[in-house]
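Each chain gets a letter, A, B and so on, in the order its sequence line appears, and its residues count up from 1.
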Amino acid sequence: MVERGETSSTGGSDGTQDPFPSAKKITKRPKYSRFTQQELPACKPILTPGWVITALILVGVIFIPIGLASLFASQRVVEIVDRYDEDCIPPSFKDRALGFIQDDNTDKTCIRKLTVPKLMKSPIYVYYQLSNFYQNHRRYVKSRSDKQLRSRKDESKTTNCEPEAFAGDKQPIVPCGLIAWSLFNDTYKFSVTNQPLAVNKRNIAWDSDREHKFGSDVYPKNFQNGRLIGGAKLNSSIPLNEQEDLIVWMRTAALPTFRKLYGRIEVDLEAGKEITVMIQNNYNTYDFGGKKHLVLSTTSWLGGKNDFLGAAYLAVGGICLFLAVAFILVYVLKPRPLGDPSYLSWNRNPAGHLN
Amino acid sequence: MSTGRPLLIPSPRTPNTPQTPSIPTYADLAKRSSGDLKPVSTMESNIAIDNTSSIESNYNSSSRRSISSHQSRMSGTNSVKEVILADLGSKRVRHGSRGTDSEFMSMSQKEINDDDARLVYINDPDRTNEKHKFTGNSIRTSKYSFITFLPRNLFEQFHRVAYIYFLVIAILNQLPQLAVFGRGASIMPLAFVLLVTAIKDACEDWRRHRADRIENNRLAWVFMNGQFQRKKWKDIRVGEIIKIQANDTLPCDMVLLSTSDPTGVAYVQTINLDGESNLKTRYAKQETLSKVPEKEKISGLIKCEKPNRNIYGFQANMEVDGKRLSLGPSNIILRGCELKNTAWALGVVAYAGRETKAMLNNAGAPSKRSSLETRMNLEIIILSLFLFALCTVVSFLAAVWLKRHKDELNIIPFYRKKDYSEPTPDHDDYKYYGWGLEIFFTFLMAVIVFQIMIPISLYISMELVRVGQSYFMIQDTNMYDEATNSSFQCRALNINEDLGQIKYVFSDKTGTLTENKMVFQCASIWGVDYGGGKASSQNDGVGNPVEVDRKILRPKMAVKVHPQLLELAKSGKDSPEGKHVHDFFLALASCNTLVPFLVDTSDPFVKLIDYQGESPDEQALAYAAAAYGFTLIERTSGHIVIDIQGERQRFDVLGLHEFDSDRKRMSVILGFPDKTVKVFVKGADSSMFSVIDRSLEKNVIHATEQHLHAYSSVGLRTLVVGMRELSSSEFEQWHSAFEAASAALMGRAALLRKVASNVENHLCILGASAIEDKLQQGVPEAIESLRMAAIKVWVLTGDKQETAMSIGYSSKLLTSQMTQIIINSSSKQSCKKSLEDGILMSSRLTTQSSFTNNTVGSSGAAVTSLALIIDGTSLVYVLDSELEEQLFKLASKCAVVLCCRVAPLQKAGIVALVKKRTSDLTLAIGDGANDVSMIQMADVGVGITGQEGRQAVMASDFSMGQFRFLVPLLLVHGHWNYQRMAYMILYNFYRNAVFVFVLFWYVLFTCFTLTTAVTEWSSMLYSVIYTSFPTIFVGVLDKDLSRRTLLKFPQLYGAGQRQESYSSKLFWLIMMDTIWQSVAIFFIPLFAYWRSTIDISGLGDLWTIASVVVVNLHLAMDVIRWTWITHAAIWGSILATGICVIIIDALPFLFGYWAIFHIGKTAEFWLCLLIIVVAALVPRFVAKIIYQHFSPCDIRVAREAEKFGNFRELERMEMEMNLMAEPQRR
């Protein structure tokens, strides 16, 4: 590799360096491989105008139909939303909503009439929707004991459950913790033209929760018998894994406005029909300004009624198409040949690179 | 630089005991010349640094050496040299010379204080070790033992600030009030990193343990119980006598007592110690030579200095038989050396085990920090401020919320401040510590949650990336040097990316630009120029064979000979010309310190003569003399044998004055067979002409001066040779003075120097030799490339101005079109004036050119035509004075700066001068000990594995075989490293910040209570597994441009110099992008799932996966070369994230059990993911296109050219540009 000068060193430099052949010559030349020389075969994509425009158009072409389909699906969902928390306070209690709800002796029954705007195909999902209820509050989220829920022998494992860990005499509360304690306890009874409308409350919780998180041998104990009642009471003869309302409730919501599945109506509802709902308005959201809604909704392939995704898809797709057009104009009006050497800084400014 | 090499140890030979009191006459000498001559042994030179091994003293000593560039005999400048003049029977004759300052002298002469000394009782290890508890000879390079591994390793690992941060956060998280994450999850990343490092350390240490065990169990012959027995190395104790056989490795540092050689010489190879492969000589003291431990009990006391790491220094004295002898560095053989060409050697163990000099020198290179990393700290601080701001915002909002809801907190179902379970009427607050503390805790919890804002994993990634980059640099076959069999080495692991930003290169000359392989070119003898470089006819490539004892000896290296001169040399000394030629070559063959060794060849009757010595100039001269029929074939203690035209002649070496940098010459006093005594002197022209008798042969002197000028102007190194015959009275006078000086205890070197000066005068000029210092291969091209890359090349050399300039021309550093500003002053005032003139001239040229050339960068063109040449004397006045500023001003306008005759410390001073005044990065490259200072001073130090030992390499950050490898190193690897590292740092900031912002947005929807939707495991794994691998692989493997392009267009290097890939602007841009991306990731699902039944874990999983996909696709968008590894890393990461999320959600005891399966079944999830990815990346995509279209950077254009093959056009263009620029540049 290195050619030594034409004179002299016929002996080779190694010889002059080391007259004693004791050190055996091991060449230290690095072994050649495409990897070590960083010459692995590689694809070197480059953003050419063609690619840019293709990509942008592609996004537009894909996104706009998706957006349309989503919007369409969302539009087809029939949804009845009824806020009842304010209206279900009798006028005499208007200013004392908290007193009303905390008083055990007041009649909490409340009748609401809902009109079906369009044909609702079964299954119709019945949700309750709470607003301003922070199920994701740190204190709240942590206040549960998964171990206790799962098996009977861990009944007394109530770490993190405070202040709802023990009943007065150090008896563990099952299920313990704030989440269970604050279980939603409004109830709804539906009827259409005086015919009761059955609500199927089975299988409203996740199978995985029923099977693995809530034990079939765990029964409610000492539940809701403290001095402050948070919400629903549980039938202590039914094991936890069959208390589906609890299971649904315990799957804490991610956002402060959320819906929870209450049940399913498994008959179609004709448009214009009037549904009468008898609500037991027990749940106290008045002390923190939470709202309660009753929601009846069909579903589509995309879930519930939400135009946001469709709109977002249309917007992004539209922007991309617009950008594609804009770039086409740019490339046509102000083209730059790729790899044009005159754009190199030292060519634009010939002497500049020397300082 | 000089030919001087940092060498081991000269030969402070102890004087013989004065058995014969009489001073022998020369006649005696001649008579007895054949017998038991003692060696004249000064083949070694030395820098005997005094025992402080400080760099400072190193510089000093080597500086002196370096001055004498063309001086052939370089030797230890401040060493004490003693040479036994043979058989002056018993007389000690020392000669030597010393370097400038006498403080070293006094140091070397000073008595060793008893308190500072270690006392070694020879052959009495028990007594030796009784009081002093010296360490045994077992060594431990391993750091840990089984018991100490855990604590020590952890202690060492926690030296990194990053880990401490990690630890503090993890500890914070353990406090029950703050436990944001589960305990396991919060410790996991730290534990993971610690574990990986610990395993790595343990493996390394295991290897060291094994090596130690092997080393410690080697056997050596130790004198015990009246005989030599084998003993394990680890059991050797200080004070024991050991016997070393030929080719054995020394187990410890030992003071020589005797050797198989009757004169007490031992040859050692120090390759393990300093990398030099030539043999060094060591001497046993005369007094101990005859002692045989088996027969008589040897006893004595060695008082030596405390263990230190100076391998070139040793001082001690030895009391034997009631006499006190002084010991120097040549009397000790250090651990790790190998005994060569000596059947056996006896010695006393002086230092053992970890106190040996070799072990004390085991420290690594000093660590430097890359400028990118330093710059990065600023951004880290900004990120910390971000973190602080986020935490403050969260705690402020939390405070507001608590305040506003303080009346309701007691019963809000999701807060429930009061604990009603107790029957007592006055209810305790449950987990509520008061408003102030709650806010404080919120702040701390926010720190825990947002901790990865400070990218801890970045430090680890950077280390891994650097390891990978170093691997590829080492493996690069283009940086392998066949000649020295040396591949590229990375000695520093943390400044790889600095290689991409170098603006100044400071280069040594000899051995760096040139090969430091001297070749005799021509000679001027008695005023006649022979050759002038036109030498021809070669003797079949092999030097003049000489027949001895029916064996043919030939010099190992052939030299081109000048036929006419050869004719004259052969003609004998009958004619006047012949006589002069004869004397000239005799001087070349004798006036040196080379030792000829015979090397076997395949032909049993032919042996090669190999001149061993550390001065390449001397070797070149000796080979030249051999080629003309004056073959030095034997050098023993007191005589040399020279084969003169087939006739063996023996000369007595009566005295030798070693080279020193004050005199810049050396001389030898030869006793001729005809009983005349002549002194031969050779040295630098400046020093020689002052001692040459100018009254004689004026025209010869004049002609020689002219020839010298001609030689040096073509870049040859010149030496002047002179001689004088000594009359017997002169000889006597010299001899007694010499002897007195040699025997002096104080100021011996100064005395010897004086003696030398007295005899080296009134010389008759013989001629001058010219040696070519060949340029290394590819140097001009390399310099051209570096210049094109806008790197300023400064050459700092110890050579004289003419030589330096001639090398400058031949290496294309200087061109004839350049305006040279030469500063050559001898006082501060004149120096100042020249500097001012230079600045004036440069500004005049600048303005001129801006008239002629009306472009923006015109100044650049003008500057190229300026070259500054400054010498060391002027630098003395400039450095450390107010003139520094002016010099820098001037130098920064010059394209080329040549500093000649600079001392090593000045080299460092020049580097410091530039470093102080600019933020530009500097690189120093050199090969010798005199470059060590500048190599350490510069931001990047590169050592050339060359002829001059390994000191430069040891001090360097990178080492390689050839100067021209600088081009691939900087332009290719440096460029890549910089681009990769810069990108990786920004990317790491970005990817962590995106995640933190996603967490932060969520906090705003949880009453500011730091709930994380993302599971704690995912948030811990995010920076460890989900996103780290692609960045590391891209950081190691991605290439923005091919090697070929980078080499073809050195200007592309400018990207690094202009810091195009890492700047505050880029940081803020990427942070803005980060915020947008986090908004897209967070808010799209938020709106899509508002008022839905979504649970925390499901949404958290969506956010996790979306973040990982976005971040990895962001990277994918910036990847330039997609190899299969890149594909595997990026897509593999996304896949791994999916798998991890699935695993986490499949564990029933975790909070989010089965969430991913539920959400994954819905179309909404996938649609969200798709739109998040597109929406998050579109702005960046568009910005990238716009930027690339409207103001493409060089790299981008070159990449397009590379891809679409309009390279040819590019090249054509380039040529035109060059042609255009040529007139300006030249």
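- Only the side chain of Leu56(A) comes within contact range of chain B, judged by heavy atoms closer than 4.5 Å.
- Side-chain atoms of Glu1202(B) come within 3.5 Å of backbone N or O of Ser1042(B) as a donor-acceptor pair.
- Using a 4.5 Å cut-off between heavy atoms, Leu1150(B) touches chain A through its backbone atoms (N, CA, C, O) alone.
- There is no contact between Ala1013(B) and chain A, counting heavy-atom distances below 4.5 Å.
- For the residue pair Tyr32(A) and Glu39(A), a side-chain donor N or O sits within less than 3.5 Å of a side-chain acceptor on the partner.
- The contact between Arg1196(B) and chain A is made entirely by side chain atoms (from C-beta outward), counting heavy-atom distances below 4.5 Å.
- For Thr1126(B), no part sits under 4.5 Å from any heavy atom of chain A, backbone or side chain.
- The candidate from Trp181(A), Trp301(A), Phe63(A), Tyr313(A) with the greatest count of non-hydrogen atom pairs under 4.5 Å with chain B is Tyr313(A).
- Ion pair Glu79(A)/Arg259(A) flagged as a salt bridge, since at least one NZ, NE, NH1 or NH2 atom sits closer than 4.0 Å to an Asp/Glu carboxylate oxygen.
- Per-residue heavy-atom pair counts under 4.5 Å with chain A were compared for Trp976(B), Tyr611(B), Trp1124(B), Phe488(B), and the maximum is reached by Trp976(B).
- With a 4.5 Å cut-off on non-hydrogen atoms, Leu47(A) touches chain B through its backbone and its side chain both.
- Between Arg139(A) and Arg416(B), the shortest heavy-atom contact is NH2-O, 3.4 Å.
- Here the two rings, on Tyr140(A) and Tyr415(B), have centers that are 6.0 Å apart or farther.
- Taking Phe258(A), Trp206(A), Phe288(A) one by one and counting their heavy-atom pairs under 4.5 Å with chain B, the maximum is reached by Trp206(A).
- Using a 4.5 Å cut-off between heavy atoms, Leu1052(B) contacts chain A through both its backbone and its side chain.
- For Phe520(B), no part lies under 4.5 angstrom from a heavy atom of chain A.
- Contact count versus chain A (heavy atoms, under 4.5 Å) is highest, among Thr1123(B), Leu1099(B), Asp1095(B), for Asp1095(B).
- Taken to the nearest 0.5 Å, the CG atom of Leu40(A) stands 7.0 Å off from the CG atom of Leu1037(B).
- A donor-acceptor contact under 3.5 angstrom links the side chains of Asp1194(B) and Ser345(A), judged on distance only.
- Contact detail for Leu1167(B) and Ser70(A): the closest heavy-atom pair is CD1-OG, 4.0 Å.
- Only the side chain of Phe1190(B) comes within contact range of chain A, judged by heavy atoms closer than 4.5 Å.
- Checked by atom type, the side-chain pair Gln37(A)/Thr477(B) shows a donor-acceptor distance below 3.5 Å.
- For Ser1092(B), the part sitting under 4.5 Å from any heavy atom of chain A is the backbone (N, CA, C, O) and nothing else.
- Tyr127(A) touches chain B through its side chain: at least one heavy atom from C-beta onward sits under 4.5 Å away, while N, CA, C and O do not.
- Note: Lys260(A) NZ to Thr252(A) OG1 = 6.5 Å, rounded to the nearest 0.5 Å.
- Ala620(B) does not touch chain A: none of its heavy atoms, backbone or side chain, sits under 4.5 Å away.
- Between Asp610(B) and Tyr623(B), the side chains place a donor N or O and an acceptor N or O closer than 3.5 Å (distance only, hydrogens not considered).
- For Lys147(A), the NZ atom counts as loosely surrounded, since its 6.0 Å shell holds 12 or fewer non-hydrogen atoms of other residues, nucleotides or ligands.
- Looking at Phe1157(B), there are no atoms closer than 4.5 Å to chain A (heavy atoms on both sides), in backbone or side chain.
- Within the 4.5 angstrom heavy-atom criterion, only backbone atoms of Pro41(A) (N, CA, C, O) approach chain B.
- At a 4.5 Å heavy-atom cutoff, the contact between Val1182(B) and chain A is made by backbone and side-chain atoms alike.
- With a threshold of 4.5 angstrom between heavy atoms, Met445(B) approaches chain A through side-chain atoms but not through N, CA, C or O.
- Across Val248(A), Val295(A), Ile179(A), Leu302(A), the residue that shares the most heavy-atom pairs under 4.5 angstrom with chain B is Leu302(A).
- Between chain B and the residues Lys213(A), Gln38(A), Gln129(A), the largest count of heavy-atom pairs under 4.5 Å involves Gln38(A).
- Taking the six-membered ring for Trp and thresholds of 30 and 60 degrees, Phe308(A) and Phe1087(B) have ring planes inclined between 30 and 60 degrees apart.
- Under the 6.0 Å cut-off for aromatic ring centres, His1189(B) and Phe327(A) do not qualify, their centroids lying 6.0 Å or more apart.
- Across Asp146(A), Asp207(A), Asp287(A), the residue that shares the most heavy-atom pairs under 4.5 angstrom with chain B is Asp287(A).
- For the set His137(A), Lys44(A), Lys142(A), the count of heavy-atom pairs under 4.5 angstrom toward chain B peaks at His137(A).
- Of the listed residues (Val1178(B), Ile1171(B), Val1119(B), Thr1093(B)), the one with the most heavy-atom contacts under 4.5 Å to chain A is Ile1171(B).
- With chain A as partner, the option from Ile1084(B), Ile474(B), Ile1186(B) having the largest number of non-hydrogen pairs under 4.5 angstrom is Ile1084(B).
- With rounding to the nearest 0.5 Å, the separation of OG1 in Thr48(A) from OH in Tyr331(A) is 8.0 Å.
- For chain A, the option among Leu1010(B), Asp476(B), Thr1009(B), Leu1086(B) with the highest count of heavy-atom pairs below 4.5 Å is Thr1009(B).
- Taking the charged nitrogens against the carboxylate oxygens, Glu211(A) and Arg150(A) have no contact shorter than 4.0 Å, which rules out a salt bridge.
- Counted by atom type alone, Thr1011(B) and Asn136(A) present zero donor-acceptor pairs between their side chains at under 3.5 Å.
- Looking at Phe1181(B), only its side chain comes within 4.5 Å of chain A, counting heavy atoms on both sides.
- For chain A, no part of His405(B) is nearby; none of its heavy atoms comes within less than 4.5 Å.
- Among Tyr1153(B), Tyr471(B), Phe1151(B), the residue making the largest number of heavy-atom pairs under 4.5 Å with chain A is Tyr1153(B).
- A donor-acceptor contact shorter than 3.5 Å links the side chain of Asn306(A) to the backbone of Ala1088(B).
- Interface residue Pro335(A): only backbone heavy atoms are found under 4.5 Å from chain B.
- For chain B, no part of Asn222(A) is nearby; none of its heavy atoms comes within less than 4.5 Å.
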